[in-house]
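Here's the structure, in structure tokens; my notes come after.
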Amino acid sequence: MIEDPQSPVAFAPLPAGAMLADSAGDAAFATTLAKGLIVLEAFDAGTPLLGNMEIAVRTGIPRPTVARLTHTLAELGYLRFDPALSKYGVGPRALRMAHPLLADMPFRQLARPLMQDLAASVRGTVSIGLLDGPSVIYVETARSGDVGPHSPDIGMPIPVVRTAMGRAAASLLPPDEAELLARRIAAADRSAWERDGELYRAGLAQCAQRGFCTCFGDYMPSIHAVAAPLFRSSRLKRTFAINCGIPEFRLQPGQLEAEIGPRIRALAAAIRAMFHEADAAAAPRLRQSRNAR
């Protein structure tokens, strides 16, 4: 993919072969179903319409197989076919899959007014993300009127290794899961890990030491961000972080660390208190702090 220096860096899902490798030999694993879901994940906001060959290139699935899968998914309503372009896009039925997941996160709606207040105050965006392997997916966002070129939206994935949000979420993982995630990130994109691995580890240490971490254009050059661990839900078995992104030109030197960082940390604490999740965020940071000594 061509990268726009003013846009978030695009990253594609792993090819089907890599994603399916761990399930080799599992007789109960439905490979055809897995490939169909991989096809659905090939679409993104930058390329909402794809032909069968483009999907095959992105996923590593042979084109004849892709053609059968896209036809089936279109018949079911999960894809739509544009006959003028001979390409597919995501169909409206796919939205049904998101609603049960979002409905199981009621804290989003209650947290949003607090997020909106901070976003308006700093003239930026404030978002909550859910850790999903080497990605973080936005599940709630609030923004001021003019946030520049980066407008997060619900469902948008960003890479863990290159973002403050991802590093903050990863800082909540128990040591064994954190190590597994690091290995997975490195295996998915060795060059990205070699480039950003030290910044990633520094972000985990920042969260352990001061309750937030910073990102100075690592993911998007014109946007600086700060993020705090939110909580690791014992009921949902899910890990959340909260961030604040601000256009670089609006920030004074040192403001991100001295002002915005403590404010996002305080916002995370307020949200945890609303849902009685305070201990869930503190314990992993204490473990990591001890390990860092």
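Positions are given from 1 along the sequence. Here the structure is a predicted model, which means the values were calculated and not measured.
Here the straight-line distance linking atom CZ of Arg184 with atom CG of Leu180 works out to 8.0 Å at 0.5 Å rounding. Between the CE atom in Met97 and the CG atom in Leu37 there is a gap of 6.0 Å [rounded to 0.5 Å]. In this structure, CD1 on Ile38 lies 9.5 Å from CG on Leu69, to the nearest 0.5 angstrom. Here CD1 of Ile264 is found 10.0 Å from CG of Leu256. Values are rounded to the nearest 0.5 Å. With rounding to the nearest 0.5 angstrom, the CG atom of Leu50 is 10.0 Å from the OG1 atom of Thr59. Here OG1 of Thr70 is found 10.5 Å from CG of Leu40. Values are rounded to the nearest 0.5 Å.
Residues Phe43 and Tyr88 keep their aromatic ring centres 6.0 Å or farther apart.
In terms of heavy-atom proximity, Val126 sits nearest to Ala119 at CG2-N, 3.7 Å.
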Would Asp44 and Thr47 satisfy side chain to side chain donor-acceptor pair (under 3.5 Å), going step by step from the backbone distance to the final call?
CA-CA 5 Å; Asp44 56 46; Thr47 50; 2.8 Å; yes
Could you walk me through whether Arg123 and Ser144 pass the side chain to side chain donor-acceptor pair (under 3.5 Å) test, one step at a time?
CA-CA 5 Å; Arg123 299 177 65 197; Ser144 66; 5.7 Å; no
Report the C-alpha distance between Arg250 and Val122 in whole Å, list the side-chain angles of each, state the deciding distance to 0.1 Å, and finish with yes or no for side chain to side chain contact (heavy atoms under 4.5 Å, CB included).
CA-CA 9 Å; Arg250 289 190 179 147; Val122 300; over 6 Å; no
Please evaluate residues Thr141 and Arg112 with respect to the criterion side chain to side chain donor-acceptor pair (under 3.5 Å), reporting the C-alpha separation (whole Å), side-chain torsions for both, the decisive distance (0.1 Å), and the verdict.
CA-CA 7 Å; Thr141 189; Arg112 198 175 194 284; over 6 Å; no
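Put simply, the side chain of Pro159 reaches to within 4.5 Å of the side chain of Tyr219, judged on heavy atoms.
Between Asp218 and Arg167, at least one side-chain N (NZ, or NE/NH1/NH2) sits under 4.0 Å from a carboxylate O, which counts as a salt bridge. Under the 4.0 Å criterion applied to side-chain N and carboxylate O atoms, Glu54 and Arg58 are not assigned as salt-bridge partners. Electrostatic pairing of Arg232 and Glu177 counts as a salt bridge here, judged by a charged N lying under 4.0 Å from a carboxylate O.
Hydrophobic clustering of Ile, Leu, Val, Met, Phe, Trp and Tyr side chains at less than 4.5 Å, counting indirect connections, unites Phe275 with Leu101. Note: the hydrophobic cluster containing Met156 also contains Val160 (ILVMFWY, side chain heavy atoms under 4.5 Å, direct or indirect links). Put simply, Ile137 and Leu172 are part of two different groups of oily side chains (I, L, V, M, F, W, Y) that touch within less than 4.5 Å, one to the next. The cluster map of Ile, Leu, Val, Met, Phe, Trp and Tyr, joined by side-chain heavy atoms under 4.5 Å apart, puts Val66 and Met53 in different clusters. Both Met105 and Leu230 belong to a single network of hydrophobic side chains, linked directly or stepwise wherever heavy atoms of I, L, V, M, F, W or Y lie under 4.5 Å apart.
Side-chain contact check for Arg143 and Ser127: no donor-acceptor pair (N or O, by modelled atom type) lies under 3.5 Å. In the model, Arg238 has no side-chain atom that pairs as donor or acceptor with a side-chain atom of Ser233 under 3.5 Å.
Annotation for Gln252: atom CD does not count as buried by contact number, only 12 or fewer foreign heavy atoms lying within 6.0 Å.
No donor-acceptor pair closer than 3.5 Å links the side chain of Glu248 to the backbone N or O of Gly217. Side chain of Asp196 to backbone of Leu199: no donor-acceptor contact under 3.5 angstrom is found.
Every residue two or more places apart in sequence or in another chain that forms a side chain to side chain donor-acceptor pair (under 3.5 Å) with Arg108 is listed here: Glu140.
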